[in-house]
S.K.: 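The structure's right below; bear with me while I get my questions together.
Just so it is clear, the model here is predicted, and its values are computed rather than measured.
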Amino acid sequence: MPHKLDINLVANILGVTQTTLRRWDANGVLSARRDHSTSHRYYFDNDIEDFLSTNFKYLNNVAINWAFSKDDPTSVTLSRFYCQDSSIFKARLTKLETELLTDPKLRESFSLVTSLVGEIGNNSFDHNIGNWPGVPGIFFGYSIPERKIVLADRGQGVLATLRNVRSSLSNDKDALIVAFTEVISGRSLEARGNGLKYVKKVITEYAMNLSFQSGKDEAIINRGFIVEEVKNNLRGCFVVLDYKNL
């Protein structure tokens, strides 16, 4: 059942002013509903979720706020994007695959996108199982028109995960380099992050773009691979995949 959201809450969610929302309403960008008794504007949560699914800039902002927030992620405004466990994530990954198949240009390469997202999302669940610092789960959203996908978790992060098998690691940058370039172990119980080598290989081979932040560093992968420091320190991981070159 849809949940009603007032204009002030929606402005906070999207990071815009109420004036902007009123202008969008007038221009048909994001239409508001009206309370006939008061004439006040309001929205349903699925109105906002539909808007976010076609406007990646604002979806990305919501994902960032989710990743850095300490609030309960089960907010109704995030219900479409919050995957509490791996079974929900896999179901939504299947939905993504179905939507990708509607694009004739991706007929030969849709599986690459879903395999990358699967590796990244499964890493979040596999490496934090039983050890989530806070509320478990991941943020998973995408814009089919813009060919961009965002995933985030509030987990331990790459450094803390890899220190279980590589205690000498001392910073986020080195941890990201190891995660994307070295095979840690072939044993199933220690194959932490090994799927990220596959992610890097596919991204570079098919000229896609990936940014992967963990801690205070971010790996940027396209035809090359660099790791650089960012302003905000994130305990978990934040990932944006751009597959418009496929």
S.K.: Under 3.5 Å, is there a donor-acceptor pair between the T114 and S111 side chains?
M.R.: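 Their side chains do not contain a donor-acceptor pair, so the 3.5 Å distance test is not met.
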S.K.: Rounded to the nearest 0.5 Å, what separates atom CG in N128 from atom OG1 in T161?
M.R.: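 If we round to the nearest 0.5 Å, N128:CG and T161:OG1 are 5.5 Å apart.
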S.K.: So does R80 pair up with D50, basic N to acidic O under 4.0 Å?
M.R.: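 A salt bridge links R80 with D50.
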S.K.: Quick check: does any side chain N or O of Q156 sit under 3.5 Å from a backbone N or O of H127, one acting as donor and the other as acceptor?
M.R.: yes
S.K.: I'd like to check I138 versus R154 (side-chain heavy atoms, cut-off strictly below 4.5 Å). Are they in contact?
M.R.: no
S.K.: For I88 and Y82: C-alpha separation, side-chain torsions, deciding distance, then whether side-chain contact (heavy atoms from CB on, under 4.5 Å) applies.
M.R.: CA-CA 9 Å; I88 295 174; Y82 173 57; over 6 Å; no
S.K.: Would you mind listing every ring-ring contact (aromatic ring centres under 6.0 Å, His included) that reaches into residues 226-246, with sequence neighbours excluded?
M.R.: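 Every pair satisfying ring-ring contact (aromatic ring centres under 6.0 Å, His included) with a residue in residues 226-246: there are none.
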S.K.: Between N60 and F56, is there a donor-acceptor pair closer than 3.5 Å when you use the side chain of the first and the backbone of the second?
M.R.: no
S.K.: Run the ring pair (Phe, Tyr, Trp, His ring centres under 6.0 Å) test on W66 and F81 for me, step by step, so that the C-alpha distance in whole Å, both residues' side-chain angles and the decisive distance to 0.1 Å come before the verdict.
M.R.: CA-CA 10 Å; W66 183 91; F81 310 113; over 10 Å; no
S.K.: Given side-chain contact (heavy atoms from CB on, under 4.5 Å), test L210 with I120 step by step and report yes or no.
M.R.: CA-CA 11 Å; L210 184 87; I120 295 166; 4.1 Å; yes
S.K.: Below 4.5 Å, heavy atoms only, C-beta onward: do T19 and L21 meet side chain to side chain?
M.R.: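 No; the side chains remain at least 4.5 Å from each other.
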S.K.: Quick check on side-chain contact (heavy atoms from CB on, under 4.5 Å): which of L176, I177, V178 does F180 satisfy it with?
M.R.: L176
S.K.: Is there side-chain contact between F44 and R33, with heavy atoms separated by less than 4.5 Å?
M.R.: yes
S.K.: For the residue pair K4 and Y42, would you count it as a cation-pi contact if the rule is NZ or CZ under 6.0 angstrom from the ring centre and within 45 degrees of the ring axis?
M.R.: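 Flagged: K4 positioned over aromatic ring of Y42.
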S.K.: Taking all non-hydrogen atoms of both residues into account, name the closest pair between L159 and A175 and its distance.
M.R.: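 Shortest heavy-atom separation between L159 and A175 comes out as CA-CB, 3.6 Å.
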S.K.: Determine whether I203 and L241 satisfy the following criterion, side-chain contact (heavy atoms from CB on, under 4.5 Å), listing intermediate values before the conclusion.
M.R.: CA-CA 9 Å; I203 293 292; L241 170 63; 3.5 Å; yes
S.K.: Take L59 and K148, measure what side-chain contact (heavy atoms from CB on, under 4.5 Å) needs, and give me the verdict at the end.
M.R.: CA-CA 10 Å; L59 176 63; K148 290 183 178 180; over 6 Å; no
S.K.: Can a salt bridge be assigned to the pair D35 and R41 using a cut-off of 4.0 Å between side-chain N and carboxylate O?
M.R.: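 So D35 does not pair with R41 through a salt bridge.
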S.K.: Quick one: which residue pairs count as a ring-ring contact (aromatic ring centres under 6.0 Å, His included) with a foot in residues 85-105, not counting sequence neighbours?
M.R.: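 Pairs touching residues 85-105 that pass the test: F89-F140.
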S.K.: Could you tell me whether a side-chain N or O of D85 sits under 3.5 Å from a main-chain N or O of S87, the two making a donor and an acceptor?
M.R.: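 Between the backbone of S87 and the side chain of D85 there is a qualifying donor-acceptor contact (under 3.5 Å).
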S.K.: Tell me whether E182 is salt-bridged to R166, with the criterion being a basic N under 4.0 Å from an acidic carboxylate O.
M.R.: yes
S.K.: Go through the structure and list residues passing salt bridge (Lys or Arg N to Asp or Glu O under 4.0 Å) with R22, not counting sequence neighbours.
M.R.: none
S.K.: Suppose the criterion is side-chain hydrogen bond (donor to acceptor under 3.5 Å, both in side chains): which pairs have a residue in residues 88-101, not counting sequence neighbours?
M.R.: K95-E99, E99-Y142
S.K.: For the residue pair Q213 and C237, establish whether any side-chain heavy-atom pair is separated by less than 4.5 Å.
M.R.: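 Q213 vs C237: side chains apart.
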S.K.: Can you give the donor-acceptor pairs under 3.5 Å from side chains of residues 219-232 to other protein atoms, not counting sequence neighbours?
M.R.:
from : atom 1 : to   : atom 2 : distance (Å)
N222 : OD1    : G224 : N      : 3.1
R223 : NH1    : T204 : O      : 3.0

S.K.: Residues two or more places apart in sequence or in another chain: which of them pass salt bridge (Lys or Arg N to Asp or Glu O under 4.0 Å) with D242?
M.R.: K244
S.K.: Keeping S53 on the side-chain end and E49 on the backbone end, is there a donor-acceptor pair under 3.5 Å?
M.R.: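 Checking the backbone N and O of E49 against the side chain of S53, a donor-acceptor pair under 3.5 Å is found.
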S.K.: Using a 3.5 Å distance criterion without hydrogens, assess whether the side chain of S214 forms a donor-acceptor pair with backbone atoms of G157.
M.R.: no
S.K.: What I want to check is whether the side chains of N171 and D174 have a donor and an acceptor closer together than 3.5 Å.
M.R.: yes
